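Since the structure comes first, as C-alpha cells, the remarks are kept for the end.
Hydrogens, waters and symmetry mates play no part in the numbers below; they use all other heavy atoms, side chains included. Heads up: numbering here begins at 1 and tracks the sequence. Just so we're clear, the structure is a prediction, and the values are computed from it rather than from any experiment.
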Amino acid sequence: MKGILVGAAIGYVLGAKAGRARYDQIVRLWNRFTANPTVRKTAAQAKDKAFEAAVHAKDLAADAAEKAAEKAPWRHQEETNGKAFTPPATPRA
C-alpha cells in the first residue's frame, strides 16, 4: 500500500513539474497513436481473439464442472444404496 502511495506522489510531483504543455503533448501523441489504422486493426483483432478465448474458456469450465459433478461422492452413494443423500454443507467464510 505504501508503494502505491509513494508512486502516486512521485507521479504527481513529476507531472506538476512537467506542466500543462507536456500533458497536452502526451495527449496529442496518444490520440495520433490510437487513430493509426494499423493500431486500430490490431486492437480489433486482439479484441476478437480475447472474446473467442473467453468463450472457449467458458465452455471448458462448463465441461469440467459437469465432469466433476458426475464424480461427486454423494452421487455414487445415492446410486449404490438407493437412499437420498444430502451432500455436506460447505462452510462459508
Which donor-acceptor pairs under 3.5 Å do side chains of residues 41-58 form with protein atoms, sequence neighbours excluded?
| residue | atom | partner | partner atom | Å |
| --- | --- | --- | --- | --- |
| T42 | OG1 | T38 | O | 2.8 |

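When the side chain to side chain contact (heavy atoms under 4.5 Å, CB included) test is applied to R22, the partners found at least two apart in sequence or on another chain are A18, Q25, I26. With sequence neighbours excluded, the residues satisfying salt bridge (Lys or Arg N to Asp or Glu O under 4.0 Å) with R20 are D24. Judged as a side chain to side chain contact (heavy atoms under 4.5 Å, CB included), and not counting sequence neighbours, L5 has no contacts.
If you chain together ILVMFWY residues whose side-chain heavy atoms come under 4.5 Å of each other, W30 ends up grouped with F33, V39. Here L29 is tied to no hydrophobic group at all, with no ILVMFWY side chain closer than 4.5 Å.
For CG of L60, the number of neighbouring non-hydrogen atoms (other residues, nucleotides, ligands) closer than 6.0 Å is greater than 12.
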